> 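Quick one: the structure is below, questions incoming.
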There are 2 protein chains.
Amino acid sequence: MTEAPVLLDAETRAHEHPADHRTELRLWLRLLTCTNLIESEIRSRLRRHFGVTLPRFDLMAQLEKAPAGMTLGELSRRMMVSNGNVTGLVERLLETGHLERHPHPADRRAVVVALTPIGRQMFATMALAHAEWIAELCAGLAPADVSQLMRLLGGLKSHVKEVAHG
Amino acid sequence: MTEAPVLLDAETRAHEHPADHRTELRLWLRLLTCTNLIESEIRSRLRRHFGVTLPRFDLMAQLEKAPAGMTLGELSRRMMVSNGNVTGLVERLLETGHLERHPHPADRRAVVVALTPIGRQMFATMALAHAEWIAELCAGLAPADVSQLMRLLGGLKSHVKEVAHG
DNA sequence: ATCCATTCTTTCAAGTATAAAATACTTTCG
DNA sequence: CGAAAGTATTTTATACTTGAAAGAATGGAT
């Protein structure tokens with residue numbers, strides 16, 4: 001079974017000697033760990049300080065950026081979650097008075113939801129704390145590290161989008 | 001409202017002029033987006049190719065690394081999810097014959113679960129595909145980028161752990 | 001030997017999430 | 001106009017997840 005060493009380009013080599021991709025796996029694991037650590041810390045602080053869940057905070061954050069409101073489908077796309085999920089989240093936020101519904105001016109299928117004044121006020125308070133928490137959690141990185149990370153993750157993000165949807 | 005410029009250390013400045021932390025927020029958003037994009041792509045491929053959910057794959061991946069099996073608590077810690085969550089996942093994997101239970105040799109409170117031969121075989125197949133998918137999704141990064149990212153995320157991870165638990 | 005804090009698992013309720021099918025509406029084009 | 005194609009939302013079913021509480025077992029201290 002011994003073979004003479006042969007020069008091969010990268011693609012051929014990958015077919016002949018299937019790489020174990022160990023490095024990429026470790027990177028993915030670390031990326032996942034970082035995200036999970038931050039996310040669960042934020043989740044528990046939101047609950048402790050404001051009695052709010054992270055998905056609800058995220059939904060309100062999207063609406064804050066659209067003062068005129070947004071359709072459920074638009075919310076679903078921006079939050080990168082399923083339609084049915086958004087329906088349920090909106091229902092609960094309507095009950096608590098943070099959101100209000102309007103008919104879509106042009107499209108009778110669509111519903112537009114927007115923050116109520118109370119919801120907007122509530123979100124403003126939470127967003128301030130949230131930004132400080134994120135900064136605190138990222139404080140281990142020097143400013144140069146932050147921009148390095150932005151750049152590298154930007155490249156990763158656009159490549160993943162290509163692979164996934166392209 | 002004009003003020004004479006004053007030299008302040010970082011902490012004082014943060015109190016006087018509460019920073020908006022825009023950069024850190026953008027970094028967090030991008031980190032989250034990258035993770036979610038990859039995760040949902042992997043999730044849908046696992047379902048399409050193997051009819052398996054990501055949580056179940058993750059659980060099997062932990063058990064693969066411990067041929068003698070593992071207690072539920074240990075699984076819960078390594079997967080960074082709640083105890084009750086693991087109980088449910090294990091139940092379903094027992095039903096499908098991928099896992100088996102043994103009493104813990106020394107501790108009667110604990111339950112040890114391990115992959116069955118079928119589970120191990122199944123996981124081996126999936127793990128191979130999974131590693132290739134991750135490598136494909138990371139292919140946008142040069143090898144130097146990968147190690148840069150590893151280093152930067154490593155720093156972030158340890159700092160977050162300190163802030164969260166320390 | 002008994003108490004007690006801790007650890008391990010299960011259970012429960014509420015909430016979050018997906019996928020797939022169903023329903024309702026709009027636009028386009030014949 | 002009216003059918004077809006496409007878009008928007010809801011519904012349904014199932015699965016995942018957490019947080020909290022409860023029960024069983026352990027190990028150490030008295």
Side-chain angles (χ1 to χ4, degrees), chain A residues 32 35-37 39-60 62 69-96 98-99 101-113 164, chain B residues 32 35-37 39-60 69-96 98-99 101-113:
Chain A
L32 194 56
T35 303
N36 286 344
L37 282 174
E39 190 172 308
S40 76
E41 182 66 17
I42 294 297
R43 186 189 301 278
S44 92
R45 290 192 189 189
L46 278 175
R47 169 181 299 276
R48 202 162 58 244
H49 290 265
F50 302 112
V52 156
T53 64
L54 183 53
R56 293 182 198 188
F57 175 81
D58 287 341
L59 195 152
M60 292 173 80
Q62 291 299 332
M70 204 184 286
T71 66
L72 297 197
E74 185 67 17
L75 267 174
S76 160
R77 275 188 297 278
R78 299 212 190 175
M79 295 177 69
M80 301 198 292
V81 299
S82 66
N83 282 343
N85 191 354
V86 169
T87 300
L89 282 171
V90 164
E91 255 168 30
R92 276 162 240 140
L93 284 166
L94 285 170
E95 281 168 15
T96 56
H98 295 102
L99 258 55
R101 304 167 56 120
H102 306 292
H104 189 286
D107 188 339
R108 250 186 305 174
R109 292 167 301 179
V111 183
V112 174
V113 290
Chain B
L32 193 56
T35 303
N36 286 344
L37 282 174
E39 190 172 307
S40 76
E41 182 66 17
I42 293 297
R43 186 189 301 277
S44 91
R45 289 191 189 188
L46 278 175
R47 169 179 299 274
R48 202 162 56 241
H49 291 263
F50 303 112
V52 157
T53 64
L54 183 53
R56 293 184 196 188
F57 175 82
D58 287 342
L59 194 151
M60 292 173 81
M70 205 184 286
T71 66
L72 297 198
E74 186 66 17
L75 266 175
S76 158
R77 275 188 298 277
R78 299 211 191 177
M79 295 177 69
M80 302 198 291
V81 300
S82 67
N83 282 345
N85 191 356
V86 169
T87 299
L89 284 171
V90 163
E91 254 168 32
R92 276 161 292 218
L93 283 166
L94 286 169
E95 281 168 17
T96 56
H98 295 103
L99 258 57
R101 303 169 56 119
H102 307 291
H104 190 286
D107 188 339
R108 250 185 304 173
R109 292 168 300 179
V111 183
V112 174
V113 290

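Lettering of chains follows the sequences in order, A, B, ..., and the numbering in each one begins at 1. Treat the numbers as computed from the prediction; the structure is a model and nothing was measured.
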> By nearest heavy atom, map B:Arg109 and A:Arg109 onto DNA chain C; which one lands nearer the 5' end?
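Mapping each residue to its closest nucleotide by heavy atoms, the 5'-most match is B:Arg109.
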
> Measuring from the side chain of B:Leu72 (C-beta onward, heavy atoms only), which nucleotide among C:dT9, C:dT11, C:dC25 has the closest atom?
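Of the candidates, C:dT9 comes closest.
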
> Tell me the interatomic distance from B:Leu89, atom CG, to C:dT10, atom P, rounded to whole angstroms.
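In whole Å, C:dT10 P lies 12 Å from B:Leu89 CG.
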
> When you measure from the side-chain N and O atoms of A:Arg108 to the phosphate of C:dT26, is any distance below 4.0 Å, counting only OP1 and OP2?
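Yes, within the criterion.
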
> Any heavy-atom pair between the side chains of A:Thr96 and A:Leu93 that's under 4.5 Å?
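Yes, close enough: below the 4.5 Å cut-off.
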
> Under a criterion of less than 4.0 angstrom to any heavy atom of chain A, what are the 5'-terminal and 3'-terminal contacting nucleotides of DNA chain D?
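Nucleotide range in contact with chain A: D:dG6 to D:dG19.
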
> What I'd like to find out is whether the side chain of B:Leu94 reaches to under 4.5 Å of the side chain of B:Val90, using heavy atoms alone.
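B:Leu94 vs B:Val90: side chains touch.
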
> Just how far, in rounded Å, is P of C:dT27 from CG of A:Asp107?
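To the nearest whole Å, that distance equals 7 Å.
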
> In whole Å, I'd like the distance from the NE2 atom of B:His102 to the P atom of C:dT9.
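In whole Å, C:dT9 P lies 14 Å from B:His102 NE2.
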
> Given B:Arg77 and B:Glu74, is the salt bridge (Lys or Arg N to Asp or Glu O under 4.0 Å) satisfied, shown in steps?
CA-CA 5 Å; B:Arg77 275 188 298 277; B:Glu74 186 66 17; 3.0 Å; yes

> Rounded to the Å, how far apart are A:Leu46 CG and C:dT16 P?
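Result: 12 Å.
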
> Could you pick out which residue, B:Gly88 or A:Ala110, lies toward the 5' side of DNA chain D when each is mapped onto its nearest nucleotide?
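Comparing both residues, the 5'-ward one is A:Ala110.
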
> Just to verify, which of A:Arg43, A:Glu41, A:Arg47 counts as forming a side-chain contact (heavy atoms from CB on, under 4.5 Å) with A:Arg45?
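Passing option: A:Glu41.
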
> I need the single residue from A:Asn83, A:Val112, A:Val86 that forms a side-chain contact (heavy atoms from CB on, under 4.5 Å) with A:Leu72. Which is it?
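Passing option: A:Val86.
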
> What is the nucleic acid contact for A:Thr53, judged by heavy atoms within less than 4.0 Å: base, sugar-phosphate only, or nothing?
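The residue A:Thr53 makes sugar-phosphate contact but no base contact.
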
> When we call it a touch if two heavy atoms are under 4.0 Å apart, what does A:Arg56 touch: a base, just sugar-phosphate, or nothing?
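A:Arg56: backbone/sugar contact only, no base atoms under 4.0 Å.
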
> Over how many whole Å does the gap from A:Leu59 atom CG to C:dG15 atom C1' extend?
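In whole Å, C:dG15 C1' and A:Leu59 CG are 14 Å from each other.
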
> Looking at the side chain of A:Pro55, which of C:dC25, C:dT9, C:dA17 is the nearest nucleotide?
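The closest nucleotide is C:dA17.
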
> Categorize B:Ser40 for me: base, sugar-phosphate, or nothing, with a 4.0 angstrom heavy-atom threshold over every strand shown.
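Nothing, no nucleic acid heavy atom in range.
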
> Scan B:Val86 against the nucleic acid and name what it touches under 4.0 Å (heavy atoms): base, sugar-phosphate only, or nothing.
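Nothing: the residue B:Val86, judged by heavy atoms under 4.0 Å, touches no strand.
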
> Are B:Thr71 and B:Val113 close enough that some pair of their side-chain heavy atoms sits under 4.5 Å apart?
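In short, these two side chains do not touch, never coming nearer than 4.5 Å.
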
> Have a look at A:Val111 and tell me which of A:Met70, A:Arg101, A:His102, A:His104 forms a side-chain contact (heavy atoms from CB on, under 4.5 Å) with it.
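Between A:Val111 and the candidates, side-chain contact (heavy atoms from CB on, under 4.5 Å) is satisfied uniquely by A:Arg101.
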
> Taking CG from B:Leu75 and P from C:dC8, how many angstroms apart are they, rounded to a whole number?
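Answer to the nearest Å: 12 Å.
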
> Once you apply a heavy-atom cut-off of 4.0 Å, does A:Arg92 come out as touching a base, just sugar-phosphate, or nothing?
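Counting heavy atoms under 4.0 Å across all strands, the contact made by A:Arg92 includes a base.
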
> Mind calculating the distance between CG (B:Leu54) and P (C:dT18) to the nearest angstrom?
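To the nearest whole Å, that distance equals 12 Å.
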
> Heavy atoms, side chains only, cut-off 4.5 Å: are A:Leu46 and A:Thr53 in contact?
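No, too far: nothing below the 4.5 Å cut-off.
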
> Can you find a side chain N or O atom of A:Asn85 that sits less than 4.0 Å from OP1 or OP2 on C:dT18?
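For C:dT18, OP1/OP2 do have a side-chain N/O of A:Asn85 under 4.0 Å.
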
> By the 4.0 Å heavy-atom rule, please label B:Arg101 as base, sugar-phosphate, or nothing.
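If one applies the 4.0 Å heavy-atom cut-off, B:Arg101 turns out to touch the sugar-phosphate alone, with no base involved.
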
> For A:Gly73, report the nucleic acid contact type (base, sugar-phosphate, nothing); a contact means any heavy atom under 4.0 Å.
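Sugar-phosphate: the residue A:Gly73, judged by heavy atoms under 4.0 Å, touches backbone atoms but no base.
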
> Just checking A:Ser76: base, sugar-phosphate only, or nothing, at a heavy-atom cut-off of under 4.0 Å?
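Since no nucleic acid heavy atom lies under 4.0 Å of A:Ser76, the category is nothing.
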
> Select base, sugar-phosphate, or nothing to describe what A:Asn83 touches, counting heavy atoms under 4.0 Å on all strands.
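A:Asn83: base contact, heavy atoms under 4.0 Å.
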
> With rounding to the nearest 0.5 Å, note down the distance linking CE in A:Met79 to CD in A:Gln62.
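Between A:Met79 CE and A:Gln62 CD, I get 6.5 Å after rounding to 0.5 Å.
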
> OP1 or OP2 of C:dC8 less than 4.0 angstrom from a side-chain nitrogen or oxygen of B:Arg77, does that happen here?
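B:Arg77 to C:dC8 OP1/OP2: side-chain N or O found under 4.0 Å.
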
> Quick one: A:Ile42 CD1 to C:dT16 C1', roughly how many Å, whole number?
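Roughly 18 Å, once rounded to whole Å.
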
